[in-house]
Amino acid sequence: MPPKSFNEKIYKLLKKVPKGKVTTYKLLAEALGTKAYRAVGQAMRCNPYAPEVPCHRCVSSDGKIGGFSGSIDPNSKEVRRKMKMLKGEGIKTKGNKIVDFEKVVWMD
DNA sequence: TATTTGACCAAGA
DNA sequence: ATCTTGGCCAAAT
């Protein structure tokens, strides 16, 4: 069978992340056996896979929120909704950062 | 095919 | 603490 695009791998892996946990672009890339941290973010940039991909569970390695409040308007309705969802999953966010980041980072 | 871009990362100033 | 630089990889144009 033809190899799927990296985007699909990423999306698949991201779906694999247990709820209430988060992952970093780096971890995802490394988990895929690559170092395309950027490609990962690039893939979700527009989230071509829609709600199947919980992009809100993806954060930067510093525990900061990427995209949602980093480069995109933190006051956007969409963004705030995602943050709220994170909170609802047990992930507390402090401004644009994650609280107890090390505790919620994905480790399978 | 080549160039640009991008929700990154780590290190240095 | 913030800003800059270099590096990495893949997708989009």
Side-chain angles (χ1 to χ4, degrees):
Chain A
M1 54 195 290
K4 298 173 191 264
S5 301
F6 283 85
N7 267 0
E8 288 193 43
K9 294 181 184 174
I10 292 158
Y11 124 84
K12 189 170 180 176
L13 196 60
L14 195 51
K15 282 192 320 198
K16 195 173 108 108
V17 175
K19 187 173 157 213
K21 296 225 170 184
V22 296
T23 182
T24 72
Y25 299 97
K26 186 173 180 181
L27 285 176
L28 281 174
E30 297 271 297
L32 292 175
T34 182
K35 291 146 193 140
Y37 319 124
R38 304 185 100 183
V40 176
Q42 187 62 265
M44 313 204 168
R45 169 168 90 52
C46 195
N47 204 9
Y49 296 102
E52 317 305 306
V53 180
C55 39
H56 53 266
R57 282 192 202 152
C58 230
V59 297
S60 48
S61 295
D62 295 283
K64 290 187 186 191
I65 309 277
F68 323 127
S69 60
S71 300
I72 305 175
D73 300 280
N75 299 313
S76 244
K77 275 160 85 176
E78 305 284 317
V79 174
R80 290 201 333 215
R81 189 160 105 265
K82 289 178 178 181
M83 289 181 131
K84 190 177 176 192
M85 186 159 57
L86 278 170
K87 222 169 170 186
E89 292 186 356
I91 300 165
K92 300 165 186 121
T93 52
K94 181 81 139 186
N96 71 342
K97 275 223 209 114
I98 291 201
V99 182
D100 300 321
F101 175 60
E102 302 188 18
K103 297 183 184 178
V104 293
V105 173
W106 175 45
M107 23 180 183
D108 192 297

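Computed from a predicted model, the values in this text were never measured in an experiment. Naming convention: chains lettered A, B, ... in sequence-line order (proteins, then strands); numbering from 1 in each chain.
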Do you know the tightest heavy-atom contact between A:Ala31 and A:Leu13? CB-CD2, 3.4 Å

Hey, are the side chains of A:Tyr49 and A:Lys15 touching, using non-hydrogen atoms and a 4.5 Å cut-off? no

Which value, rounded to the nearest 0.5 Å, describes the distance between A:Cys58 atom SG and A:Leu86 atom CG? 10.5 Å

Which whole-number value in Å describes the distance from A:Leu86 CG to B:dA7 P? 18 Å

Could you tell me whether A:Cys58 contacts a base, only the sugar-phosphate backbone, or nothing, with contacts defined as non-hydrogen atoms closer than 4.0 Å? nothing

State whether A:Arg57 and A:Glu89 are salt-bridged, where the test is any N-O pair (Lys NZ or Arg NE/NH1/NH2 against Asp/Glu carboxylate O) under 4.0 Å. yes

Between A:Lys26 and C:dC8, does any side-chain N or O lie under 4.0 Å from OP1 or OP2? no

With the side chain of A:Tyr37 defined as its heavy atoms from C-beta on, choose the nearest nucleotide among B:dA10, B:dC8, B:dA7. B:dC8

B:dC8 C1' sits how many Å from A:Glu30 CD, rounded? 12 Å

Ignoring hydrogens, what is the shortest heavy-atom contact between A:Gly20 and A:Ile91? Give both atom names and the distance. O-CG1, 3.7 Å

First locate atom OH of A:Tyr11, then atom NZ of A:Lys16, and finally report the distance between them rounded to the nearest 0.5 Å. 14.5 Å

For atom CG of A:Leu28 and atom C1' of B:dA7, their distance in whole Å: 12 Å

Using a cut-off of strictly less than 4.0 Å between a heavy atom of the residue and any atom of DNA chain C, enumerate the qualifying residues of residues 89-105 of chain A by number. none

Is any side-chain heavy atom of A:Trp106 less than 4.5 Å from a side-chain heavy atom of A:Pro18? yes

Which one, C:dA11, B:dA7, B:dC9, comes nearest to the side chain of A:Phe6? C:dA11

A:Phe68 CZ to B:dC8 C1', straight-line distance once rounded to whole Å: 13 Å

When you measure from the side chain of A:Thr24 to the backbone of A:Leu27, do you find a donor-acceptor pair of N or O atoms at a distance under 3.5 Å? yes

Could you check how far CE of A:Met44 sits from C1' of C:dA12, rounded to whole Å? 17 Å

Between C:dA10, B:dC9, B:dA7, which nucleotide has the shortest distance from any of its atoms to the side chain of A:Asn47? B:dA7

Whichever of A:Asn7 and A:Lys64 has the more 5' nearest nucleotide on DNA chain C, that residue is A:Lys64

Per-nt protein contacts along nucleotides 1-6 of chain B (heavy atom under 4.0 Å; B base, S backbone sugar-phosphate only, - none) come out as ----BB

Taken to the nearest 0.5 Å, the spacing of A:Thr93 OG1 from A:Asp100 CG works out to 11.5 Å

Quick check for you: among C:dA11, C:dC9, B:dA7, whose closest atom lies nearest to any side-chain atom of A:Lys35? C:dC9

With a 4.0 Å cutoff (strictly under), does any side-chain N or O of A:Ser61 reach OP1 or OP2 of B:dC9? yes

When all nucleic acid strands are considered with a 4.0 Å heavy-atom cut-off, which category describes A:Tyr25: base, sugar-phosphate, or nothing? base

